[in-house]
Amino acid sequence: MNFTYTSYPNQVYFGKGKTDELPNILKDYSKVMAMGEERWEPQIKKVAKEIGEENLYYFPEIIQHVPQSLVDKAMIKLKEEKPDVLLAFGGGSAVGLAKALALETDIPIIAVPTTYSGSEQTNIWGISTEEGKTTGKSMKVMPKVVVYDPDLTSSLPLSLAVTSGMNAMAHLMEAIYAPNGNPVTRHHALLGVEYIKKGLEILAKEKQLTEEANTDIQFGAYLAGKCLCEVSMSLHHKMAHVLGGSFKLEHSYVHTVLQSFVLKYQWDSLSDEIKTDFRQVLGHNPAHKLQELSGNAGGPTDLKSIGFKIDDIEKAVETVLAKPYENVAPLDKSKLVDMLHHAYEGSLEG
Ligand SMILES: NC(=O)C1=CN([C@@H]2O[C@H](COP(=O)(O)OP(=O)(O)OC[C@H]3O[C@@H](n4cnc5c(N)ncnc54)[C@H](O)[C@@H]3O)[C@@H](O)[C@H]2O)C=CC1
Ligand SMILES: O=C(O)/C=C\C(=O)CC(=O)O
């Protein structure tokens, strides 16, 4: 073996009811700026009550893909309130806003994820403007503590549980074949695939987010975020950021549909060892299996149904190629256009 591996430090609490530990986790800070949608106000207000209401300022506005205008608005409040810790309560969008603030201020983040996005485990930030989405990496945005409480993700509607689980699955997939991959990350990624696959199969069978499925997917999502942080993102994430950031499609839907088509695109360039790893966890046709995991659980399987326009294919590919991520398969414009046509129709044949 011959590899380089970087692990990223943070503390993880995982289990039902772990949110109750927040007052203790926050005890060394004097002022909390909490951000999260109104659905989490009761939980945030409960923390405020326990640490003293004057010690917590609550910012309830959250917008997906973190528009710069929202960051500016939250920054004005941050300067008034002078927090020494940011509490991100919610999905990747709440965590994303906290990251944008931390990037400029170096204030630490405590994250309480309520979806399976994995953002809470990464040093990756993303901010959108009219020109599209810019992403980058900085240790300033890596949450110091992450509290995974299945009691919070249990309220996810079935459809979102499927697509958010598939968002995490996409992180695992790109970690398995990352150009700068390593056996430690790959081992965790394969384990994550097993957990998420099991959870999604329960969703397909039971037609509801059972406690077992929720815990399986949430644990897989923790591993997925960790893996995403440890290696670089490739074609799939680049394409997803373009479709989400520039064409305003829903983040987890894009990830859900795209990944089977990108895996097919990459397949012939993967080593035999990596193909074997994929087959071990996803069966003889991993791309089909990924599509089936979403489709059988009622998730989307084509770009057409999630609002992508066929006329935008060329522009999307050009945007990807203008600033590509390093990728295992060569990036070829006509092949990428063809891939998006197949993804538009939801057809893995041909
Ligand atoms: N920087 C990183 O490493 C990563 C960043 N992201 C970013 O995160 C954003 C997407 O995050 P997501 O979590 O997919 O979406 P989100 O945070 O926008 O939430 C999606 C929807 O789910 C609802 N929701 C959240 N938790 C819920 C719950 N427990 N029960 C019921 N409804 C709930 C929200 O109200 C919202 O309508 C994107 O901007 C994406 O770029 C995503 C993954 C990794
Ligand atoms: O696409 C993902 O799920 C991973 C990374 C991002 O979304 C980057 C961001 O925070 O915008």
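Keep in mind that the numbers below use all heavy atoms, side chains included, and drop hydrogens, waters and symmetry copies. As the structure lists them, so they are numbered: ligands from 1, and atoms in each ligand from 1.
The residue H241 has no part lying near ligand 1, judged by heavy-atom distances below 4.0 Å. Contact annotation: for H251 versus ligand 1, heavy atoms closer than 4.0 Å belong to the side chain alone.
Atom numbering of ligand 2 starts at 1 in the shown order; those under 4.0 Å from a heavy atom of H171 are 2 (C), 3 (O), 4 (C). Residue G91 has at least one heavy-atom neighbour below 4.0 Å for each of these atoms of ligand 1: 13 (O), 17 (O). Counting the atoms of ligand 2 from 1 in the order shown, those under 4.0 Å from a heavy atom of W125 are 10 (O). Which parts of ligand 2 touch H241 is read off a 4.0 Å heavy-atom cut-off, strictly below it: atoms 1 (O), 2 (C), 4 (C), 5 (C), 6 (C), 7 (O), 8 (C).
The shortest N or O to N or O distance between H251 and ligand 2 is below 3.5 Å. Considering backbone and side-chain atoms alike, R39 places an N or O below 3.5 Å from some N or O of ligand 1. Residue H237 has no nitrogen or oxygen atom sitting less than 3.5 Å from a nitrogen or oxygen atom of ligand 2, judged on distance alone. Checking only distances, N167 does come within under 3.5 Å of ligand 2, N or O to N or O.
Counting heavy atoms from C-beta on, the side chains of Y116 and N167 never come closer than 4.5 Å.
With hydrogens and angles left out, the side-chain atoms of D84 and S30 include a donor and acceptor closer than 3.5 Å. Side chains of S252 and E250: a donor on one and an acceptor on the other come within 3.5 Å. Using modelled atom types, one finds no donor on one side chain facing an acceptor on the other under 3.5 Å when comparing K315 with S246.
The protein heavy atom nearest to atom 41 (O) of ligand 1 is K133 NZ, 2.6 Å. For atom 18 (O) of ligand 1, the closest non-hydrogen atom of the protein is S93 OG, 2.5 Å. Scanning all protein heavy atoms for the shortest distance to atom 23 (C) of ligand 1 gives L160 CD2, 3.7 Å. Atom 12 (P) of ligand 1 has as its closest protein heavy atom G92 N, 3.6 Å. In this structure, atom 26 (N) of ligand 1 lies nearest to the protein heavy atom T114 OG1, 2.8 Å. Looking only at heavy atoms of the protein, atom 4 (C) of ligand 1 is closest to S119 CB, 3.3 Å. Of the protein's non-hydrogen atoms, T115 CG2, 4.3 Å is the one closest to atom 19 (O) of ligand 1. At the shortest separation from atom 37 (O) of ligand 1 among protein heavy atoms lies E37 OE2, 4.3 Å. The protein heavy atom nearest to atom 10 (O) of ligand 2 is G126 N, 3.5 Å.
Under a 4.0 Å heavy-atom criterion, P157 is in contact with ligand 1. Ligand 1 is approached by W40 to a heavy-atom distance shorter than 4.0 Å. Residue contacts with ligand 1 leave out Q121, since none of its heavy atoms falls under 4.0 Å from the ligand.
Side-chain atoms of K73 never come within 3.5 Å of backbone atoms of E61 as a donor-acceptor pair (strictly under, hydrogens ignored). A donor-acceptor pair under 3.5 Å is absent between the side-chain atoms of K323 and the main chain of V320, judged by distance alone.
The CG atom of L158 sits 5.5 Å away from the CG atom of L203 when rounded to the nearest 0.5 Å.
The ring of H236 has its center closer than 6.0 angstrom to the ring center of H255.
Taking the six-membered ring for Trp and thresholds of 30 and 60 degrees, F278 and Y177 have ring planes inclined between 30 and 60 degrees apart. The aromatic rings of Y325 and H241 stand perpendicular to each other, their planes meeting at an angle above 60°, with 30° marking the opposite boundary.
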